[in-house]
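Everything on this sheet refers to the single structure shown next.
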2 protein chains.
Amino acid sequence: MADAARRRPRRGVSMADVARLAGVSSQTVSRVSTGHPSVVESTRQQVLAAMQELGYRPNSAARALKRGEFRTLGVILFTLATTGNSRTVEAILAQAAQEGYAITLIPVAMPTQDGVLGAFTRLGELAVDGVVVIMEVHLLDAANLELPPNMQVVVVDSDAGERYPVVDTDQADGARQATRHLLELGHETVWHVSGPIESFAAGRRTQAWRETLEAAGKTVPPPQLGDWTAESGYQAGLVLAQNPGCTAIFAANDQMALGVMRAFHEQGRSIPGDVSVVGFDDIPDAHAFFPPLTTVHQDFAEVGRRCVEGLLRQIRNEPGSPGTDLVPTRLVLRGSTAPPRSA
Amino acid sequence: MADAARRRPRRGVSMADVARLAGVSSQTVSRVSTGHPSVVESTRQQVLAAMQELGYRPNSAARALKRGEFRTLGVILFTLATTGNSRTVEAILAQAAQEGYAITLIPVAMPTQDGVLGAFTRLGELAVDGVVVIMEVHLLDAANLELPPNMQVVVVDSDAGERYPVVDTDQADGARQATRHLLELGHETVWHVSGPIESFAAGRRTQAWRETLEAAGKTVPPPQLGDWTAESGYQAGLVLAQNPGCTAIFAANDQMALGVMRAFHEQGRSIPGDVSVVGFDDIPDAHAFFPPLTTVHQDFAEVGRRCVEGLLRQIRNEPGSPGTDLVPTRLVLRGSTAPPRSA
DNA sequence: CACCACGATGTTTACGTTAACATCACGATA
DNA sequence: TATCGTGATGTTAACGTAAACATCGTGGTG
């Protein structure tokens with residue numbers, strides 16, 4: 001065990017070491033390492049053998065220094081705990097890997113915990129060629145962090161369209177589809193459990209819900225304010241369950257819909273018999289809820305794909321389409337919605 | 001808009017540029033940049049002003065090359081889609097940030113998609129000082145990927161204790177607590193919905209469930225095989241619901257428990273009246289399930305903390321405790337369990 | 001047979017930073 | 001006043017790689 005530490009050389013094996021052993025120049029080693037064509041097969045084999053023997057690994061710092069690029073993208077976020085964030089990151093990860101890029105996660109502590117970031121206070125030191133910001137840009141400002149100048153940026157879920165290219169799910173259209181679906185089933189109006197006010201996505205969903213009701217000439221009930229958690233949905237559900245006139249609910253995400261449904265179950269109200277519920281996100285569990293949840297499907301994979309493509313386009317200095325890039329949503333019909341009893 | 005591209009210099013601003021503008025040597029710029037004490041205040045201000053004006057950002061590749069370390073840890077995983085993985089990553093992220101380390105995510109495509117990884121075929125090129133492997137090490141082997149020699153490694157959720165340091169939740173104890181709880185409530189025996197066979201964690205949970213039943217002299221019903229998804233839990237639930245003797249179920253994770261409960265609800269069987277259900281993980285939504293789920297709480301934050309600490313200890317060549325580091329679990333009692341009707 | 005083209009390989013240099021050492025000015029001390 | 005120490009700043013070199021250029025040998029062509 002103790003020799004494990006001893007065995008580890010302070011510095012790694014370099015091209016020069018490999019070159020010496022293989023009896024070639026280090027440039028030839030470099031050529032083998034990068035797959036350059038003009039190396040004769042016999043030489044290549046010698047070099048590969050030497051690499052193997054010494055356990056050579058290219059030093060990516062030196063490589064990045066020489067090439068002027070890291071082949072790494074940063075992702076700035078508050079948390080991975082929300083389904084939306086982790087799925088977006090996963091999609092970005094997949095797409096970036098395909099393009100030969102690595103992903104570095106950059107957590108931003110909330111303003112209240114400032115200083116926790118330690119060495120990362122200065123975003124500028126990051127070894128990345130560009131960043132995807134998965135949060136409200138103004139929250140970044142609030143956290144007293146400034147995106148470095150000359151840094152390529154794409155923003156998700158934000159109103160930063162003026163300042164940066166934005167990729168986002170078509171929040172408004174999704175909310176519109178959800179609300180219309182409930183109206184078309186014959187419900188008098190649709191009640192709403194919203195996300196937190198500081199979220200741009202939540203704001204857009206609420207706004208589209210309101211506009212859809214108004215356009216249909218329906219009354220607009222006061223929205224219940226939630227915070228994305230199932231618990232907040234439960235609390236909202238307890239309030240709504242008091243109201244016998246409430247027969248249709250649009251929750252701004254699936255977790256809150258889950259909480260709402262629990263509240264109604266506990267009150268002995270049936271879903272969708274007494275009340276219809278629609279969510280937003282289409283998390284993997286949504287179809288296993290009781291009843292399976294009708295919800296707005298977000299195409300996170302597509303969001304991730306467009307983020308990476310947009311960012312790489314900027315990095316490669318290719319012409320890009322600025323402005324907001326909207327990824328369409330679609331309503332997935334399941335068992336949590338039905339016409340009202342009276343209909 | 002077009003000038004945004006033009007404005008961007010091909011190469012960044014270097015210390016030499018700052019030094020020239022500030023009228024000092026680049027070494028002094030370096031000292032300011034790294035916060036070295038022996039720089040007189042007036043000089044410091046000049047340098048800072050020059051940095052500001054030129055938009056200087058230190059080049060971390062050069063820095064890493066010089067220092068011989070990246071201040072970055074890699075996390076190797078298949079997916080972020082499972083709650084366990086994303087929460088573990090989040091915890092690792094938080095702890096690493098506190099230590100001044102960045103996190104690079106390294107997705108490993110399944111063997112069937114080999115080649116997709118492109119530039120990452122050779123794990124060795126990664127710009128990391130060490131890696132956390134969140135997967136079965138033998139699966140890494142199957143994917144034809146080899147951990148580079150001389151790379152510092154910590155493994156989560158694996159049986160690799162012989163080859164690498166391992167940090168893991170105490171799977172066995174959690175499963176034991178869950179099973180015992182149901183037996184103590186008076187149930188004849190406990191049925192089980194397991195995770196996929198290739199998962200070490202799933203195997204340990206199943207094994208501990210079986211041993212607990214045997215130790216109590218109970219019959220061991222055949223486990224239902226799931227794959228962590230709510231859908232597979234639902235399928236298992238449909239099977240178990242056929243069996244009137246089944247009054248207590250231990251599902252290997254919360255999502256499958258969710259599916260199981262839906263199956264029982266659909267059959268008109270009440271929970272916990274007719275059947276008690278226990279999950280594993282304690283995902284945030286678990287207390288919003290209907291009914292709120294009794295489950296085994298995993299301390300992901302602690303797992304992440306110990307991973308990072310263990311890895312940094314290795315990197316810093318400090319004496320570490322090898323072997324498997326088990327993080328305790330605890331059973332959280334909620335509304336999905338009760339004594340059997342007959343009791 | 002002289003010359004040239006081309007492919008394989010070697011040599012030089014620069015990427016941006018920082019450790020180590022060198023220098024310099026200034027004030028304290030004998 | 002000569003000397004020395006101290007703290008601020010400058011100079012040099014090296015980290016590992018790869019682009020650019022240089023060299024060498026071989027085979028083809030007029």
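Letters go in sequence order (proteins before strands), and every chain restarts at 1.
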From [atom1] of [X] over to [atom2] of [N], roughly how many Å is that when rounded to an integer?
X	N	atom1	atom2	value
Leu65(A)	dT17(D)	CG	P	11 Å
Lys66(A)	dT17(C)	NZ	P	15 Å
Glu69(B)	dT17(C)	CD	C1'	14 Å
Met15(A)	dT13(C)	CE	P	20 Å
Asn59(B)	dC15(D)	CG	P	18 Å
Arg71(A)	dA18(D)	CZ	P	11 Å
Arg67(B)	dG16(D)	CZ	P	16 Å

Got a donor-acceptor contact below 3.5 angstrom from the [X] side chain to the [Y] backbone?
X	Y	result
Thr43(A)	Val39(A)	no
Asp129(B)	Phe70(B)	yes
Ser60(A)	Arg63(A)	no
Asn85(A)	Thr82(A)	no

- Item | Approximate separation, where rounding is to 0.5 Å, of Leu105(A) CG and Ile92(A) CD1 | 9.0 Å

- Considering all heavy atoms, the nearest Phe78(B)-Glu90(A) contact: O-OE2, 4.1 Å

- Return one dot-bracket line describing DNA chain C 5' to 3' (Watson-Crick or G-U wobble pairs, both distances under 3.5 Å; ( ) same strand, [ ] crossing, | another strand, . none). ||||||||||||||||||||||||||||||

- Taking 4.0 angstrom as the limit, do Glu309(B) and Arg306(B) come out as a salt bridge? no

- Quick one: label Ser14(B) by what it contacts on the DNA or RNA (base, sugar-phosphate, nothing), any heavy atom closer than 4.0 Å. sugar-phosphate

- Query: Given dT18(C), is OP1 or OP2 found less than 4.0 Å from the side-chain N or O atoms of Arg63(B)?
  - Reply: yes

- Heavy-atom distance under 4.5 Å between the side chains of Val18(B) and Leu21(B), does that happen here? no

- Message: Could you walk me through whether Met151(B) and Val128(B) satisfy the side chain to side chain contact (heavy atoms under 4.5 Å, CB included) test, starting with their C-alpha distance in whole Å, then the side-chain angles of each, then the deciding distance to 0.1 Å, before giving a yes or no?
- Response: CA-CA 9 Å; Met151(B) 174 71 90; Val128(B) 299; 3.8 Å; yes

- Scan nucleotides 5-12 of chain C nucleotide by nucleotide, 5' to 3', and note B when protein non-hydrogen atoms come under 4.0 Å of the base, S if they reach only the sugar-phosphate, - if neither. ---SBBB-

